[in-house]
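Here is the structure we will look at, set down as structure tokens.
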Amino acid sequence: MRILVTGAAGFIGSAYVRHVLNEHPGDKVLGLDLLTYAGNLANLEEQRDDPRFRFVRGDIADAELIGELAPDLDAIVNFAAESHVDRSLLDPGAFARANVIGVMTLLEAARTHGLRMLQVSTDEVYGHVPAGQAAAEDYPLQPRSPYSAAKAGGELMCQAYGTSYGTDVVITRGANTIGPRQYPEKLIPLFVTNALLDLPLPVYGDGRQIRNWLHADDHAAAIDLVLREGASGQAYNVAADNERENLEVVHDILQRVGKPLSLIRHVEDRPGHDRRYGIDTTRIRTELGWSPRRDWHQTLYDTIDWYVANPGWWQAIRHRDPRFQEFYDRQYSHRLAGVGTATN
Ligand code: DAU
């Protein structure tokens, strides 16, 4: 199979490139990435000299470029996205452009050239799911942030191309993903690296929000299975059984890196903060036979230990890329100013 992997230099995209090259020796991967703040060529270093891999820098919303690449492909797997909820609250337009217009540009190429397209989406399209419930794939889409609304828009565009033009599309809706090489703006890499730097850990609100954590390599394997065996037009939820309250995760992080609970700060909450995501993964497990290979502690410790062992990777971002500091100051300075220690 010849696969265009967009967002290939990102966190889950690069894990997917590794997965395909390891698991399918006959496949060819063309990696595309705009290399915005979160795209990082260091994530693809092992693949650089692999003759089955080629990298192009570019934008998924660039129709001319995508049109040039498409004739030599069988499939597109779209990881390229604006993905951070807090950033979407600051700049919604960037999210609509990448996550809706960008997706439509790829769909146009898939339609014109008869390619299969897999859209990597998110469990956030269901919005907050009350305790005790689990959203199956036919649960209403009720996104609540500009990020998740834009992801839902991209998905709806996929479904419209399937219905209107018969384009071969499949969708995955993944849970909160962690692992090596995640940009340190998301909860776990931010808090691990803050803890290593003896900086405060800004917990939004009461910290009792619930997320369901998934290892990037398990997520990549699920996406690959859906690409090869998923039914056209179908969406597949992807999650492990790792529902945890944020505060519990934060305590686990501090214990693993040997830092005190006094680093925890409860700060002003994220506006519109989704309390819980909860999805039903029966479809992918029973129809395609997927299950995660790692349990909760393997997932968390593999992630934490990678940041401990690879300070050069994250220090290049945190200490030498001004775009990190600019966002960090904008997001956290006012939240952390004058907030005292809390050890609960
Ligand atoms: O559920 C899948 C989604 O998970 C993906 O689609 C998104 O791209 C990804 O960003 C993630 O969304 P979340 O908003 O759940 O992830 P985040 O790491 O930003 O936050 C996880 C939880 O931690 C959430 O309840 C907010 C909280 N949090 C986050 C940050 C960054 C804090 O308490 N403090 C923080 O500084």
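For reference, positions follow the sequence shown, starting with 1. For ligands, and for the atoms within them, numbers begin at 1 and follow the listed sequence.
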Query raised in the report: Can we say Asp274 and Arg144 salt-bridge, meaning some charged N sits less than 4.0 Å from an Asp/Glu carboxylate O?
Result: yes
Query raised in the report: Honestly, is Arg87 close enough over Tyr37, meaning NZ or CZ under 6.0 Å from the six-membered ring centre and within 45° of the axis?
Result: yes
Query raised in the report: Between Arg97 and Asp59, is there a side-chain N and carboxylate O pair less than 4.0 Å apart?
Result: yes
Report summary line: Among non-hydrogen protein atoms, atom 25 (O) of ligand 1 lies closest to His273 NE2, 2.7 Å
Report summary line: When distances are taken from atom 27 (C) of ligand 1, the protein heavy atom at minimum range is Asn246 ND2, 3.5 Å
Report task. Using distance alone, decide if ligand 1 has a nitrogen or oxygen within less than 3.5 Å of any nitrogen or oxygen in Glu185. Result -> no
**Report entry** Stepwise side-chain contact (heavy atoms from CB on, under 4.5 Å) test for Ile171 and Gln159
**Finding:** CA-CA 9 Å; Ile171 293 167; Gln159 286 169 12; 3.8 Å; yes
Query - Residue part near ligand 1, for Ala175, under 4.0 Å between non-hydrogen atoms - result: backbone
Requested in this report: Report yes if some N/O of Val85 lies less than 3.5 Å from some N/O of ligand 1; otherwise report no.
Outcome: no
Report task. For atom 15 (O) of ligand 1, grab the closest protein heavy atom and report residue, atom and distance to one decimal in Å. Result -> Arg211 NE, 2.6 Å
Report task. Return yes or no for this condition: an N or O of Glu124 is under 3.5 Å from an N or O of ligand 1. Result -> yes
**Report entry** Thr6 and Asn78 side chains, donor-acceptor separation under 3.5 Å
**Finding:** yes
Report task. Below 4.0 angstrom from a heavy atom of His84, which ligand 1 atoms are there? Numbered from 1 as shown, please. Result -> 19 (O)
Query - Contact check, Lys151 vs ligand 1, heavy-atom distance below 4.0 Å - result: no
**Report entry** Subset of ligand 1 atoms that lie under 4.0 Å from at least one heavy atom of Thr122
**Finding:** 1 (O), 2 (C), 3 (C), 5 (C), 6 (O)
Report summary line: For atom 8 (O) of ligand 1, the closest protein heavy atom turns out to be Ser83 O, 2.7 Å
Requested in this report: Within a distance under 4.0 Å of any heavy atom of Val203, pick out the atoms of ligand 1 and give their elements.
Outcome: 33 (O)
Query raised in the report: Just checking, is any N or O donor in the side chain of Asn43 or Trp313 under 3.5 Å from an acceptor N or O on the other one?
Result: yes
Report summary line: When distances are taken from atom 16 (O) of ligand 1, the protein heavy atom at minimum range is Asn176 ND2, 3.4 Å
Report summary line: Within 4.0 Å of some non-hydrogen atom of Gln209, the atoms of ligand 1 are 25 (O)
Report task. Please determine if Tyr147 has a nitrogen or oxygen closer than 3.5 Å to a nitrogen or oxygen of ligand 1. Result -> yes
Requested in this report: Check whether the side chains of Ser83 and Lys151 place a donor and an acceptor atom closer than 3.5 Å, and report yes or no.
Outcome: no
Requested in this report: Using a strict cut-off of 4.0 Å, indicate which atoms of ligand 1 neighbour a heavy atom of Leu190.
Outcome: 36 (O)
Query raised in the report: Can we say Arg256 and Asp305 salt-bridge, meaning some charged N sits less than 4.0 Å from an Asp/Glu carboxylate O?
Result: yes
Query raised in the report: If you group Ile, Leu, Val, Met, Phe, Trp and Tyr by side-chain heavy-atom gaps below 4.5 Å, do Leu41 and Leu4 land in one group?
Result: no
Query raised in the report: For the side chain of Asn310 and the backbone of Trp306, is there at least one donor-acceptor N/O pair under 3.5 Å apart?
Result: yes
**Report entry** Side-chain ion pair, Asp27 and Arg228, N-O less than 4.0 Å
**Finding:** yes
Query - Mutual orientation of the aromatic rings belonging to Tyr183 and Phe324 [parallel < 30°, tilted 30-60°, perpendicular > 60°] - result: tilted
Report task. Between Phe191, Tyr204, Tyr277, flag the one that comes closest to atom 30 (C) of ligand 1 by a heavy atom. Result -> Tyr204
Requested in this report: Check each atom of ligand 1 against the heavy atoms of Tyr332 and keep those under 4.0 Å away; list them by number with element.
Outcome: 30 (C), 31 (C), 35 (C), 36 (O)
Query raised in the report: Can Asn246 and Gln209 be counted as having a side-chain donor-acceptor contact under 3.5 angstrom?
Result: yes
Report summary line: Nearest non-hydrogen contact to atom 9 (C) of ligand 1 from the set Lys186, His266, Gln182 belongs to Lys186
Requested in this report: Run the numbers for me: atoms of ligand 1, each under 4.0 Å from some heavy atom of Asp123, listed by number.
Outcome: 1 (O), 2 (C)
**Report entry** Nearest protein heavy atom with distance in Å, relative to atom 34 (N) of ligand 1
**Finding:** Pro202 O, 2.8 Å
**Report entry** Top protein contact for atom 19 (O) of ligand 1, by heavy-atom distance
**Finding:** Arg270 NH2, 2.9 Å
Query raised in the report: Are the charged groups of Arg173 and Asp123 less than 4.0 angstrom apart, N to O?
Result: no
**Report entry** atom 21 (C) of ligand 1: the protein heavy-atom neighbour that sits closest, reported with distance to 0.1 Å
**Finding:** Leu187 CB, 3.8 Å
